[in-house]
Amino acid sequence: MAVDDIMKTAYVNESEESTEELPIPSEPAPTTAWGKFLDKIKLDSSSSERRSNEDLDPVPWERRTWRWYNLALYWVSDAFSPSGWRAASSLMEIGLSWRWSLFNIALANILIAIIITLNAHPGARYHVCFPVFSRVPFGFYFSYVMVFMRMITGIFWYGIQTYTGAECVRSLLFAIWPSFRNFPNALPASANIESNFLISWFVYFMLCVPVHLIRVENTRWYFLFKCGIVPVVGFAIMGWTVTAAKALPGPSLFAQGNTIHGTAFTWAFMSALYSNMGGGSTYATNASDYSRYTRREYSILFQLFALPFSNTLMAVMGVVGAAGTLKLYGQILWDPLLLIDHWTSPGGRAAAAFCAIAFIIAQVGQNISANSIAAANDLNCLFPKYINIRRGQIIAALVGAWALTPWNILTSATAFLSFMSGYSIWLSSIAGILFSDYWLVHRLKYDVRELYKPHGIYRYNKWGFNWRAVVAFTCGWVPLLPGFIHSITPSINVIIGMQRLYYLGFFYGFFGAALVYWTLCHFFPQQETYVEAVLPPGNPLDEEQVIEGVEVGSAGSDYGVEKKD
């Protein structure tokens, strides 16, 4: 019997020692057109008993191909993008100096890197994704609510990032065909999008589709490719602006200090810190979606350096580039795409085309790493019988890029955009509960087999939810709701204290939910969920798989069980 077959059958056995394949009852042939369609698209690897498929199962040994440098390059790849270049712009607009803006970005990324690394450990150890291990703290069925919430976030931001990707393509077309700037618009004003931008949108989307078809473990090659191109372009743009603007007279962006002081500065700084950390809240929940492909647990530690360093470096490039444009063009251009659009000479257009291609590569990579794979894992969990990660990415792309019509959201639905920007009040609470359960409550000990049993120990009750997580989740976001509402609709008056609590939203949501959950589990423990660690099959003959204190059986055997003292 093949290794993969043994792995799949091990989940459905009631006996921990047996690896005999259990008979699967045959289903009657469908008679309706819809039933025949569903039968046609049903995944061969799906299992109704486990509600899983190949992409939802623990990653087998041969697919654990990520090394420490792959995770490091993953974060470097994510940072080097047009949105990373613009990171400091909003902070300086609210009154912070460039020094304080960069310090805020660095601090936010250091803190979020710690949280991401902690929540990546379940994936590195048990090789399962967020939708699966979230069943431990939330319960088998209530975890689907958390998965759905994060799926909405991933699909929405996929659409928003597609807008930036289309801007990159438009800059490329401007550089190659200057007449494209005057391309006749055949769309009405109510469409909120012009014909040339819709063409750019379609081109960008079609460039993304082939990358969506790459298996997750192989995307490391794309991130490596991106890291070899985009940083070079970033340094080149920064170097050019410094050289070109060096001898020009005029005001300097670096001379600008804080325009707000005292209490106003303090809370503006905290609001910016919350915003920058909130941008990583999705990663704080879905960190295991990538760490599950690593072989060594300590590979995730390199994120602690790669994430803050790369994001801060990209913000520095943005500040230097913006300072140069103030002298060159008399205005601050925070967007690198607007900067290269000013290069209209023949040589300038060639440089602009190369830079635009690099930014397209960057944006495709960021949209996939941050949004589409996360949403695909969620769809995979919700519909494991029919959707795997590859299909999930295509669905997320179609819904996010087209069904949501992001161009309408960005031009007219500002309240909805503000709503999604503050979505981290929910995600931070989810991340806090995941951290608390894994590190403080169950202390790194999960039974992987039980994660795939709807009636297993992680069901908690007949409704399949853990009331402790429900209470902790509620305590994490409800107090932030008044400030959140005020941020969406400023005309609604909210006391200043609630507004300032919202500025601390990520900290309160994460630590508040984590503390409440740990307290409830301490006084009301669910004893049957406290088990010895049960690991998925691995390759003990490879020194990379040695885990301290854990005995792993031979390749293809049943799960290794942590040794008892």
Side-chain angles (χ1 to χ4, degrees), residues 75-76 78-116 230-231 233-281 303-339 362 421 424 499-500 502-507:
W75 291 109
V76 174
D78 182 78
F80 282 87
S81 63
S83 57
W85 185 283
R86 299 190 291 254
S89 61
S90 59
L91 279 67
M92 296 190 68
E93 288 175 359
I94 65 175
L96 273 64
S97 68
W98 66 272
R99 291 184 180 86
W100 278 105
S101 296
L102 294 178
F103 174 71
N104 189 288
I105 292 171
L107 179 61
N109 281 283
I110 290 172
L111 295 175
I112 199 66
I114 295 173
I115 295 173
I116 288 173
V230 182
V233 170
F235 280 112
I237 295 176
M238 183 177 66
W240 177 85
T241 55
V242 170
T243 303
K246 186 176 181 180
L248 296 178
S252 173
L253 182 66
F254 296 113
Q256 177 181 325
N258 295 323
T259 59
I260 53 176
H261 305 278
T263 304
F265 169 82
T266 301
W267 288 108
F269 183 90
M270 293 305 301
S271 175
L273 189 67
Y274 160 68
S275 178
N276 285 317
M277 291 190 66
S281 58
Q303 299 175 116
L304 294 172
F305 172 76
L307 193 159
F309 173 78
S310 55
N311 280 279
T312 305
L313 178 60
M314 196 62 178
V316 170
M317 292 182 178
V319 170
V320 175
T325 60
L326 181 60
K327 285 189 175 184
L328 289 169
Y329 308 114
Q331 58 179 324
I332 299 176
L333 299 178
W334 284 106
D335 193 332
L337 300 173
L338 294 179
L339 171 59
S421 297
S424 61
Q499 295 181 39
R500 290 177 173 175
Y502 178 69
Y503 296 156
L504 302 173
F506 191 93
F507 299 100

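Residues Phe506 and Ile112 have side chains in contact (heavy-atom distance under 4.5 Å, counting atoms from C-beta outward). Leu338 is not listed as a side-chain neighbour of Thr325, based on a closest heavy-atom distance of 4.5 Å or more. Within the 4.5 Å cutoff, the side chain of Leu328 has heavy atoms near those of the Trp240 side chain.
Here the CG-CE distance, from Leu102 to Met92, works out to 8.5 Å after rounding to the nearest 0.5 Å. From Ile105, atom CD1 reaches atom OG of Ser90 across 7.5 Å, with rounding to the nearest 0.5 Å. Rounding to the nearest 0.5 angstrom, the gap separating the CZ atom in Phe80 from the CE atom in Met317 is 4.5 Å. Atom OG1 of Thr266 sits about 11.5 Å away from atom NE2 of His261, to the nearest 0.5 Å. Atom CG in Leu111 sits 11.0 Å away from atom CD1 in Ile116 (nearest 0.5 Å).
For the side-chain contact (heavy atoms from CB on, under 4.5 Å) with Leu273, the qualifying choice from Leu91, Leu107, Leu504 is Leu107, the only one to do so.
Residue Lys246 comes nearest to Lys327 through the heavy atom pair O-NZ, 4.4 Å, listed as atom of the first residue, atom of the second, then distance. Nearest heavy-atom pair, Val319 versus Trp334, reported as atom, atom and distance to 0.1 Å: CA-CZ3, 3.8 Å. Looking at every heavy atom in both residues, Leu337 comes nearest to Asp335 through N-OD1, 2.9 Å. Arg500 approaches Thr263 most closely through the heavy-atom pair NH2-CG2, 3.5 Å. Nearest heavy atoms, Thr241 versus Gly321: OG1-CA, 3.9 Å. Residues Gln303 and Pro308 come closest through the heavy atom pair O-CD, 3.7 Å.
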One pair to check against side chain to side chain contact (heavy atoms under 4.5 Å, CB included): Trp75 and Leu304. What are the steps and the verdict? CA-CA 10 Å; Trp75 291 109; Leu304 294 172; over 6 Å; no

Evaluate the side chain to side chain contact (heavy atoms under 4.5 Å, CB included) criterion for residues Phe507 and Met270: first the C-alpha distance (whole Å), next the side-chain angles of each, then the deciding distance (0.1 Å), finally the verdict. CA-CA 10 Å; Phe507 299 100; Met270 293 305 301; 4.1 Å; yes

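In this structure a side-chain-to-backbone donor-acceptor pair under 3.5 Å is missing from Thr312 to Phe309. In this structure a side-chain-to-backbone donor-acceptor pair under 3.5 Å is present from Asn104 to Phe269. A donor-acceptor pair is defined here as one N or O able to donate and one able to accept, closer than 3.5 Å; such a pair exists between the side chain of Ser281 and the backbone of Gly278.
Remark: Ser424 pairs with Tyr274 by the side chain to side chain donor-acceptor pair (under 3.5 Å) rule, at least two apart or across chains.
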Please tabulate, for side-chain N and O atoms in residues 93-100, each donor-acceptor pair with protein atoms closer than 3.5 Å (sequence neighbours left out).
from	atom 1	to	atom 2	distance (Å)
Ser97	OG	Trp100	N	3.3
Ser97	OG	Asn258	OD1	3.3
Trp98	NE1	Phe254	O	3.1

